[in-house]
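Below is one structure; the comments refer to it alone.
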Amino acid sequence: MAVKRHDGRKWDEPRPIVAKAGVIPQADGSGFFKIGDSTAYAAVYGPQEFHPRKLHDPKRGVIRCHYNMQPFSGPGSRGRPGPNRRAKEISMVMENALSPVVQLEDYPNTVVDVHVEFTETDAGSRCAGICAAAIALADAGITMKDMVASLAVGHLDGEIVVDLDGVEEHHKGEVADIPLAVIPSTGEITLLQMDGVTDPKLVLNAIKTGRDIVAKVAEVQRQALLDRYPADSPQWKALAKKYTEAKQ
Amino acid sequence: MTSELHIQERSIVVPGQVLATGLDYLPSKGTYRFNETIRANRLGLAQVDGKVLKTIPLAGRYLPQKGDLVVGRISDVLMSGWRVDLNTMYDAVLSLAEASNEYIKKGEDLTRYFAIEDYLVCKVTQVTSQNLVDVSVRGPGLRKLTGGMVFEVSSSKVPRIIGKRGSMVTMIKKGTDCDVMVGQNGVVWVSGEPKMQRLAFDTIKMIEEHSHHAGLTQQVKEFLEEVTGREVE
């Protein structure tokens, strides 16, 4: 049994998190979420015109996620670029994780496109992607009843751990990785997957631990959105200088 | 149970944030009740109006509403009307009856009135539940726009650019000697001397970027007076 985590973290300590909003000016909303060495950029376009028309839903809008890992993002070997079965699946679970909070009935016949790109991946990418996407959706001004915060939990030889990294995921003994997404206000779980070896008791304990820690992730997301609107005053003087100098 | 307010007027709130607890407060636009709390459902500035809580959005695409004055672009000529792009996800239709005070004969070349890529100031006359939009250019101040420049701002910043009873936009007009039309959909048309157009553009962009700050009207007044070197009423 492992005595300590290989990087010195506590069992219930996530990797360092950096989150930002509004990192892609061209998009309607964007988010950046970095947890350890997993880095996600999310860009939201929409609600916008939806083609093809046969996919329209006249009662509610549609949310469409695109998950993509850059070929250079993995550890060493170059990944095969472009869509693949895994990306397609994760795109789908991300849609399911995000759509319960987004009030899509406000936008009938339209689509909200959420593009999530990964420049660096070291386990927990779908969780980082969901966190970045939630920031981006809020930044785009889309009505949503709450954020979605996401984090992986699991166990290493029976010890409950939070936010497994790449090394831990490939641990030689018994290991389970459980990506989890939670709506902070209600505690509802919108994503729950599992990969590895475990027993039901461990899973329940891991989820319980994860729910507490995920509140911290939600707080980081909230702060990222607040920092988007800085308190510093507008630089009128600098702008005025541009004009008065041009005149001379 | 006692009711308690958790936010200050004009503070920035994010989706899901608790604005107040207790049943004495009422949710309005951009907020909702969840059990005993009132929470924000969009990113915005909190506004407390007595017991009513709402949020003013800081971002988001334009959603057409009846009565809005907007700047649209003709995107297509139809059988009996025009399709108008309002910088939103829903297309608007300008019908023949709403296009002109003249009688437009059947089979007439509609591009004589409005051609593709023409910009016009129009009013949203109808929005259905499925967000089908009708617009009209019949009415005071509604017209085709010629000359000048067109640019986009975030539609949620438009109220700030227009100001209370038009105070901000009037000041920009006077300060820059430009004709300025700010559509509710975030499309802005500016016409005047090229240098002054540029000044109006920079001023509006600065207001857009810092719309969450208080006291902008006074700052804009001082800025325009400094640049133009004359008093702006």
Side-chain angles (χ1 to χ4, degrees), chain A residues 21-22 28-29 45-50 56 58-59 61 101-103 106-112 134-135 137-149 183-186 218 221-244 246-247, chain B residues 11-18 29-32 34-35 37 39-45 55 57-63 85 88-91 128-132 154-156 195 198-199 202-203 205-216 219-220 222-229:
Chain A
D28 290 310
Y45 290 87
Q48 59 186 352
E49 243 182 282
F50 193 8
H56 275 202
K59 287 219 174 84
V101 293
V102 182
Q103 297 184 349
D106 292 352
Y107 314 106
N109 289 328
T110 63
V111 64
V112 177
I135 294 172
L137 283 167
D139 184 44
I142 287 164
T143 47
M144 49 204 283
K145 64 177 186 182
D146 203 350
M147 301 292 285
V148 180
I183 304 175
S185 62
T186 61
Q221 287 175 306
R222 197 178 94 83
Q223 198 54 47
L225 285 165
L226 295 181
D227 291 344
R228 169 91 159 87
Y229 295 94
D232 60 322
S233 317
Q235 302 296 309
W236 292 110
K237 287 273 176 257
L239 189 59
K241 217 173 163 187
K242 196 174 110 187
Y243 280 93
T244 42
K247 228 183 264 175
Chain B
S11 57
I12 297 170
V13 294
V14 304
Q17 186 172 342
V18 178
K29 272 183 185 165
T31 60
Y32 68 101
F34 177 71
N35 294 340
T37 61
R39 291 170 184 269
N41 70 359
R42 63 183 172 202
L43 181 70
L45 296 173
T55 61
L58 278 169
R61 292 226 172 160
Y62 171 66
L63 266 179
D85 175 13
T88 175
M89 49 281 193
Y90 303 109
D91 271 338
T128 70
S129 66
Q130 295 309 303
N131 288 315
L132 301 170
S154 168
S155 74
S156 52
K195 258 187 191 164
R198 187 75 210 173
L199 176 61
D202 280 340
T203 313
K205 279 290 175 186
M206 188 69 120
I207 299 168
E208 182 195 12
E209 199 183 325
H210 295 276
S211 64
H212 57 291
H213 285 277
L216 277 180
Q219 288 169 16
V220 171
E222 282 164 16
F223 166 71
L224 288 174
E225 280 175 353
E226 188 182 340
V227 172
T228 57

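Chain identifiers are assigned alphabetically (A, B, ...) following the order of the sequence lines, protein sequences preceding nucleic acid strands; residue numbering begins at 1 within each chain. Keep in mind that this is a model prediction, so the values were computed, not measured.
For a residue to count as touching a neighbouring chain, one of its non-hydrogen atoms must lie under 4.5 Å from one of that chain's; by this rule A:Lys237 touches chain B with the side chain only. Residue A:Phe50: no heavy atom, backbone or side chain, is found under 4.5 Å from chain B. In this structure, no portion of A:Gln221 lies under 4.5 Å from any heavy atom of chain B. At a 4.5 Å heavy-atom cutoff, the contact between A:Ala138 and chain B is made by backbone and side-chain atoms alike. Contacts of A:Leu239 with chain B are made by both backbone and side-chain atoms, with heavy-atom separations under 4.5 Å. For B:Ser129, the part lying near chain A is the backbone, with the side chain staying farther off; criterion is any non-hydrogen pair under 4.5 Å.
Between A:His56 atom NE2 and B:Gln130 atom CD the span is 11.0 Å, to the nearest 0.5 Å. One distance of note links NZ of A:Lys145 with OG1 of B:Thr31; it measures 15.0 Å at 0.5 Å rounding. With rounding to the nearest 0.5 angstrom, the CG atom of A:Leu226 is 8.0 Å from the CG atom of B:Leu43. Atoms CZ and CG, from B:Arg39 and A:Asp146 in turn, are 6.0 Å apart once rounded to the nearest 0.5 Å. To the nearest 0.5 Å, the span separating CH2 on A:Trp236 from CD on B:Glu226 amounts to 11.5 Å.
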(message) Walk me through whether A:Thr110 and B:Tyr90 qualify under side chain to side chain contact (heavy atoms under 4.5 Å, CB included).
(response) CA-CA 8 Å; A:Thr110 63; B:Tyr90 303 109; 3.3 Å; yes
(request) Could you go through the side chain to side chain contact (heavy atoms under 4.5 Å, CB included) check for B:His210 and A:Gln235 one step at a time? (result) CA-CA 10 Å; B:His210 295 276; A:Gln235 302 296 309; 5.7 Å; no
(request) Please assess B:Leu58 against A:Arg228 for the test side chain to side chain contact (heavy atoms under 4.5 Å, CB included), listing each intermediate value before the final yes or no. (result) CA-CA 11 Å; B:Leu58 278 169; A:Arg228 169 91 159 87; over 6 Å; no
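Taking B:Gly60, B:Gly30, B:Gly215 one by one and counting their heavy-atom pairs under 4.5 Å with chain A, the maximum is reached by B:Gly60. Comparing A:Asp139, A:Asp28, A:Leu225 by how many heavy-atom pairs each has under 4.5 Å with chain B, the most go to A:Asp28. Here B:Arg61 is the residue among B:Arg61, B:Glu222, B:Gln17 with the most heavy-atom pairs under 4.5 Å with chain A. When A:Pro230, A:Gly29, A:Pro184 are compared by the number of non-hydrogen pairs under 4.5 Å with chain B, A:Pro230 comes out ahead.
The aromatic rings of A:Tyr229 and B:His212 stand perpendicular to each other, their planes meeting at an angle above 60°, with 30° marking the opposite boundary.
Shown here is B:Lys205, whose NZ atom has more than 12 heavy atoms of other residues, nucleotides or ligands within 6.0 Å.
Counting only heavy atoms from C-beta outward, the side chains of B:Arg198 and A:Tyr243 approach each other to under 4.5 Å. At a threshold of 4.5 Å between non-hydrogen side-chain atoms, the residues A:Asn109 and B:Asn131 do not count as touching. In this structure the side chain of A:Gln103 never reaches within 4.5 angstrom of the side chain of B:Arg42, judged on heavy atoms.
Contact between B:Leu63 and A:Asp106 at its shortest, heavy atoms only, is CD1-O, 4.4 Å.
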